[in-house]
Amino acid sequence: MAGSVGLQIEGLYAGYGKATVLHGLNLTVAPGEIVGVAGPNGAGKTTLLRAISGVVNRSAQTLSFEGIPLKHDPVRSVSQGIVHVPEGRRLFANLTVDENLKIGAIGAGVRDYESSRARIVAMLPAIEPMLHRKAGLLSGGQQQLVAVARGLIGTPRIILFDELSLGLSPTAVVSITKVSIDSCRELGTSVLWVDQNVTILSKLCDRLVLLRDGVAVDIDLSDKAALNSVYF
Ligand code: ATP
């Protein structure tokens with residue numbers, strides 16, 4: 001069944017102009033699976049997500065989702081159920097949280113906005129008191145939650161998170177990443193989550209890979225020494 005194969009990447013090359021960042025990367029994300037990607041600065045984590053959502057030039061032997069090849073076209077990726085939550089949240093600062101969510105819903109082709117919003121607010125209750133506040137006036141952690149809610153409002157098949165933990169306090173890292181990943185699990189949305197924070201990735205992901213030299217290598221989550229050595 002096409003729906004059972006999830007994200008399949010074989011031999012992915014991607015980069016910028018003549019600079020190749022990913023050198024024949026292989027990776028899969030099964031339906032409903034939560035996969036973390038660690039790696040040092042500049043390893044190509046963001047480039048990987050951009051290659052999947054079709055915003056950088058890439059070539060691959062296989063690059064498909066649910067059996068359908070991914071085109072170099074971000075709009076088409078969204079219609080295939082792929083949502084990219086970029087680093088830095090990228091909210092519309094002068095619009096309210098509700099308006100930001102509505103824009104996410106329109107982009108995802110949601111027909112009944114009110115009930116989609118009610119479902120997201122039930123999973124991420126901290127959103128409710130912010131609905132009528134301007135997004136630009138919220139704290140970094142609150143903005144991150146709104147970015148996650150906006151990404152999930154159309155119940156994507158897979159969500160690509162770029163640095164969910166970036167710029168959050170140690171307590172916010174734990175609470176915000178946990179409620180975000182729990183929401184994905186509840187919706188049955190697969191996750192590909194790149195982050196510098198190996199500790200939080202290893203706590204919340206089903207599987208972890210390390211991006212190094214342009215390829216992805218599996219890391220054994222029970223191997224503490226391997227986890228500790230990711231950045232050394
Ligand atoms: P970080 O953890 O610091 O965010 P990363 O693992 O996400 O890093 P990328 O942002 O994917 O790494 O960058 C990989 C390489 O591609 C780096 O050498 C970077 O300088 C380069 N790069 C990133 N974006 C561009 C761009 N728009 N144009 C040219 N080179 C770029």
Side-chain angles (χ1 to χ4, degrees), residues 7-29 34-63 65 70-75 77-78 82-91 140-141 143-145 147-148 150-151 156 158-170 172-174 176-177 180-181 184 190-205 207-219 221 226-232:
L7 178 69
Q8 293 192 306
I9 303 177
E10 282 172 6
L12 173 66
Y13 289 80
Y16 305 91
K18 287 188 179 150
T20 306
V21 177
L22 304 178
H23 297 270
L25 176 141
N26 300 325
L27 183 70
T28 58
V29 181
I34 313 291
V35 176
V37 181
N41 287 118
K45 302 183 297 299
T46 295
T47 305
L48 170 62
L49 300 191
R50 288 179 178 157
I52 296 165
S53 57
V55 291
V56 292
N57 282 325
R58 76 277 203 273
S59 65
Q61 233 170 297
T62 308
L63 181 57
F65 185 61
L70 296 177
K71 301 283 183 215
H72 183 34
D73 177 353
V75 176
S77 300
V78 173
I82 301 170
V83 164
H84 186 162
V85 179
E87 184 179 332
R89 294 120 199 179
R90 312 258 175 94
L91 299 178
Q143 290 190 25
Q144 187 60 279
L145 264 188
V148 170
R150 186 177 63 179
I158 186 168
I159 194 159
L160 314 174
F161 285 132
D162 196 346
E163 305 280 358
L164 260 187
S165 76
L166 192 73
L168 303 181
S169 70
V173 165
V174 174
I176 289 174
T177 56
S180 301
I181 297 301
C184 296
S190 310
V191 177
L192 186 61
W193 170 16
V194 312
D195 211 291
Q196 296 271 348
N197 188 329
V198 183
T199 309
I200 202 72
L201 286 176
S202 64
K203 278 201 177 107
L204 295 177
C205 294
R207 204 152 58 74
L208 189 56
V209 300
L210 171 64
L211 207 54
R212 188 173 275 166
D213 301 326
V215 297
V217 181
D218 288 325
I219 307 180
L221 281 174
L227 291 173
N228 288 333
S229 69
V230 161
Y231 294 113
F232 302 100

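When a ligand or atom number is given, it counts from 1 through the structure's own listing order. As a basis for the values below, the full set of heavy atoms in this structure was taken, side chains included, without hydrogen atoms, waters or symmetry mates.
By the side-chain contact (heavy atoms from CB on, under 4.5 Å) test, A172 pairs with L168, S169, I176, sequence neighbours left out. Take V83 and apply the side-chain contact (heavy atoms from CB on, under 4.5 Å) test, not counting sequence neighbours, and it matches V85, P156, I159. Taking the side-chain contact (heavy atoms from CB on, under 4.5 Å) definition, one finds that T62 meets it with Q8, E10, S64, sequence neighbours left out.
Residue Q196 holds its CD atom at 9.5 Å from CG of L201, rounded to the nearest 0.5 Å. Here the OG1-OH distance, from T47 to Y16, works out to 3.0 Å after rounding to the nearest 0.5 Å.
Taking a cutoff of 4.0 Å between a charged side-chain nitrogen and a carboxylate oxygen, D218 and R207 qualify as a salt bridge.
Around ligand 1 you find Y16, V21, P40, N41, G42, A43, G44, K45, T46, T47, R50, E87, E163, Q196, each with a heavy-atom distance below 4.0 Å.
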